[in-house]
Protein chains: 2
Amino acid sequence: MAVARTGSNLSQIAALLGVSSATVSNALSGKGRVSAELAEKVRATAAELGYTPSLTGRALRTGRTGVLGLVLPDIANPLFPQIAQAIEHAASKAGYGVLIADSRGDVALQTDAINRLIERNVDGIVIVPRLGTRIADIGCPVAVIDSPSTPGNTVSADHWQGGQAIAEHLVSLGHRKFLLIGNNPASNVQNDRIGGMKSRLPEGGIADVLWIERHEQVHGKGSLLGLKQKLDQGFTAFAAVSDLHALRALTELQRAGIGVPEDASVTGFDDLVWSSVITPSLTTVRMNMAEIADIAIAALVRVIEADTASGSDIPRTATGTVAAAERSSVPMQLVVRQTSGPPAPIDSA
Amino acid sequence: MAVARTGSNLSQIAALLGVSSATVSNALSGKGRVSAELAEKVRATAAELGYTPSLTGRALRTGRTGVLGLVLPDIANPLFPQIAQAIEHAASKAGYGVLIADSRGDVALQTDAINRLIERNVDGIVIVPRLGTRIADIGCPVAVIDSPSTPGNTVSADHWQGGQAIAEHLVSLGHRKFLLIGNNPASNVQNDRIGGMKSRLPEGGIADVLWIERHEQVHGKGSLLGLKQKLDQGFTAFAAVSDLHALRALTELQRAGIGVPEDASVTGFDDLVWSSVITPSLTTVRMNMAEIADIAIAALVRVIEADTASGSDIPRTATGTVAAAERSSVPMQLVVRQTSGPPAPIDSA
DNA sequence: CAGAGTTGATTAATCGATTAATCAACTCTG
DNA sequence: CAGAGTTGATTAATCGATTAATCAACTCTG
């Protein structure tokens, strides 16, 4: 029944050296009192045998699995790869593995996903909540990556500042009449981005917001956004809250024979993989996911280790805390490419 | 030190009922001999206490962690979310968790990623290998999702048949001169797709292949593909091996003032999220990822369970087998949207 | 009704690592 | 040189679940 593992365990090393397994454990962890020369011998034999500690054995004894859960409710989110990669890398550096739990885009299943992770005894959870979802007290340390304006947010990109950066860029090019394209007004992220853009409007500037979900409820899914008419109304800058919607706007304008960027500028958010290869390539704003992930993991690990240190007398509910970080927002970076340019001279004919 | 867990374990239930923990274990697993009424009482108290077995304890004893690893070396792959979601769902149905390991797009790091998973004692690994990588004997059960033409492939979409479906569609619309757009000729998936498309060429049909990576080595990254000239040379159908490249082609054509689909048809592969919202929406081919994942997980679980059943006397190397499935390819499905249409009438002026 | 067989439970070992408690052998110090 | 303190190790319990081995109490059968 016992599985043939990589071969070595503590007692094998111990037997080989004629010492107790406790001594081997102490030597390798550097915790107990072991003479320098014996410790060296232990390390040598461990290396020779290719010993890797059984995380299962350790987990059973210490109560910590060394695994974090990652919950990304909005699977359709094209940022998924970037986020997953960054989190995995940051966690791996901190000595943790990452278990994924998908909620198939369904808000109700988000709780299921979280429970599945908890059943597997994850030490903590990183969650990028679906729009509007409040993270209830879960009973295990959590780091939330959403937006700085969300209560309980651990760390996230500074979407507001990103909006400002895009708006400043467009304003400096001479644009005055903006169509801001969002998807769902319930999203904190989208609201921050739009708020940031609006906050940098020049005097006399105009910024209408087009919410795609509302538009589609009226005109049907995948319908045109009517950007040609907007252009005729004098809008020259089409600033979307995501590259996804920017792409939609760009192709709709191109299809209508409108030149980008000569006749209209288009901008996005997120710098998705294809943003740089389309023609014209997309001006956008990028988040520093690596840094966000590092901060989130660091904050989470801090809570986990504080939990363990404080011992078992603390009631479980107290451990259901949302991790806090000193820096809760990371600046976004403007990426100027080809879809933004000065507005066409006004047709004063 | 002991962590305050959800509260209940086998011995607590046992103590509460005044029986031994072995009996509780037997009652819940249905393995040993337990009277029907006692079994019922055990189940009732277990439910009452909200007992969930400690997977760590079980793992230590049985040598199986109930966790699978997922290796997706090409993180930039926009299919990532779909794949991860499908695998997680299939694994979850089979009672397994999914640990991710990212190799940051680097082939060399693929091995690192795999080793990290093995150190965490995953029971098996699902891998979508990076182009051209052969999966060496890993020392743990593996399921490979690549392409039917790859040796050692467990299951994958039938990329060849997908290519045929797209080609048949375009041929039936009247196209005769195709530009097939690929990225890297070392990719089995891309070669299958292109091979499939070529195999359905009508008599006298022409199909050139444009490999983007080679093109960019000459003309620089993100450079134009020169599709306008191709159109002038009589090419009417631009069939890419991925939606990503189809999007690149589409925007390049649109930017050059060429109407899609009136003047040229464009098709992709994969049905990525944005394919349906761009204008015109993209004709493409979709893989049935849910079914592929189900088959892959089923095959993997079969190997894992066979391993365990056969006991520990079998040398470890024997367990490094690639899982095989009865059905190793799953048909792709043509999705006709707006970017494909009949070719423009020949300018016989 | 003796002996075999069955039923329903318990005992005790085990998976690997960690760690508090203990202990033997030194080394000091006054 | 007795007693306190230190050093370097071992002992043994523990985390939770599983399971082979054992056992007591029945129920048959010839």
Side-chain angles (χ1 to χ4, degrees), chain A residues 1-42 46 49-66 95 119-121 123 308-309 311-312, chain B residues 1-42 46 49-66 95 119-121 123 308-309 311-312:
Chain A
M1 291 309 119
V3 166
R5 285 234 43 75
T6 330
S8 54
N9 55 24
L10 277 191
S11 15
Q12 281 181 28
I13 300 179
L16 218 67
L17 290 170
V19 298
S20 76
S21 64
T23 301
V24 177
S25 172
N26 284 332
L28 292 176
S29 68
K31 278 186 182 169
R33 285 186 301 219
V34 183
S35 69
E37 58 180 337
L38 180 51
E40 185 44 51
K41 274 206 295 194
V42 167
L49 292 179
Y51 168 73
T52 47
S54 156
L55 299 180
T56 307
R58 181 180 290 168
L60 183 57
R61 171 66 218 231
T62 62
R64 283 177 43 197
T65 53
E119 267 181 32
R120 293 201 170 267
N121 295 329
D123 292 337
T308 321
S312 60
Chain B
M1 292 309 119
V3 167
R5 284 236 44 75
T6 329
S8 55
N9 54 24
L10 277 191
S11 14
Q12 280 181 28
I13 301 178
L16 219 66
L17 290 170
V19 298
S20 77
S21 64
T23 301
V24 176
S25 173
N26 285 332
L28 292 176
S29 68
K31 278 187 182 168
R33 285 186 301 219
V34 183
S35 69
E37 58 180 337
L38 180 52
E40 185 45 51
K41 274 207 293 195
V42 168
L49 291 179
Y51 169 72
T52 47
S54 154
L55 299 180
T56 308
R58 180 180 290 167
L60 184 58
R61 170 67 216 229
T62 62
R64 283 176 44 198
T65 53
E119 267 180 32
R120 293 202 170 267
N121 295 329
D123 292 336
T308 321
S312 60

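Reminder, nothing fancy here: chain letters follow the sequence lines and each chain counts from 1. As the structure is a prediction and not an experimental result, all values here were calculated from the model.
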- prompt: Do any of residues 19-35 of chain A sit with a heavy atom less than 4.0 Å from DNA chain D, and if so which?
  reply: A:Val19, A:Ser20, A:Ala22, A:Thr23, A:Arg33, A:Val34, A:Ser35

Interatomic distance, A:Thr23 atom OG1 to A:Lys41 atom NZ [nearest 0.5 angstrom]: 12.0 Å

task: Could you tell me the separation between the CZ atom of B:Arg58 and the P atom of D:dC15, rounded to a whole number of Å?
output: 19 Å

task: Give a yes or no on whether the backbone of B:Lys31 and the side-chain of B:Asn26 come within a donor-acceptor separation of less than 3.5 Å.
output: no

message: Under 4.0 Å from OP1 or OP2 of C:dT14: is there any side-chain N or O of B:Arg61 that close?
response: no

field: Pairing string, 5' to 3', for DNA chain C - Watson-Crick or wobble contacts under 3.5 Å, brackets [ ] where pairs cross, | to another strand
entry: ||||||||||||||||||||||||||||||

- request: Supply the atom-to-atom distance B:Arg61 CZ to B:Ser54 OG, rounded to the nearest 0.5 angstrom.
  value: 14.5 Å

task: Using whole Å, report how far NZ of A:Lys41 lies from P of D:dA9.
output: 9 Å

- line: Between A:Ala27 and A:Ala39 the two heavy atoms that sit nearest each other are CB-CA, 4.0 Å

- prompt: Taking CZ from B:Arg64 and C1' from D:dG16, how many angstroms apart are they, rounded to a whole number?
  reply: 17 Å

Atom-to-atom span, CG of B:Asn121 to C1' of C:dA17 - whole angstrom: 13 Å

query: So how far is it from B:Leu55 CG to A:Thr65 OG1, rounded to the nearest 0.5 Å?
result: 10.0 Å

field: Heavy-atom side-chain contact between A:Asn121 and B:Thr56 under 4.5 Å
entry: yes

- prompt: Heavy atoms under 4.0 Å, any strand shown: does B:Leu55 hit a base, just sugar-phosphate, or nothing?
  reply: nothing

field: Which nucleotide in D:dG16, D:dT18, C:dA17 has an atom nearest any side-chain atom of A:Leu10
entry: C:dA17

- prompt: When the distance from CG of A:Leu17 to P of D:dT10 is rounded to whole Å, what number comes out?
  reply: 10 Å

- request: Before giving the answer on side-chain contact (heavy atoms from CB on, under 4.5 Å), spell out for A:Val42 and A:Val34 the whole-Å C-alpha distance, their side-chain angles and the decisive distance to 0.1 Å.
  value: CA-CA 10 Å; A:Val42 167; A:Val34 183; 5.8 Å; no

message: Can you tell me how far apart CG (A:Asn9) and OG1 (A:Thr52) are? Round to the nearest 0.5 Å.
response: 10.0 Å

field: Value rounded to 0.5 Å, distance of CD1 in B:Ile13 from CG in B:Leu10
entry: 6.0 Å

message: Distance check needed: D:dT14 C1' versus A:Leu60 CG, whole Å only.
response: 8 Å

Whole-Å gap separating C1' (D:dG16) and CG (B:Leu49): 15 Å

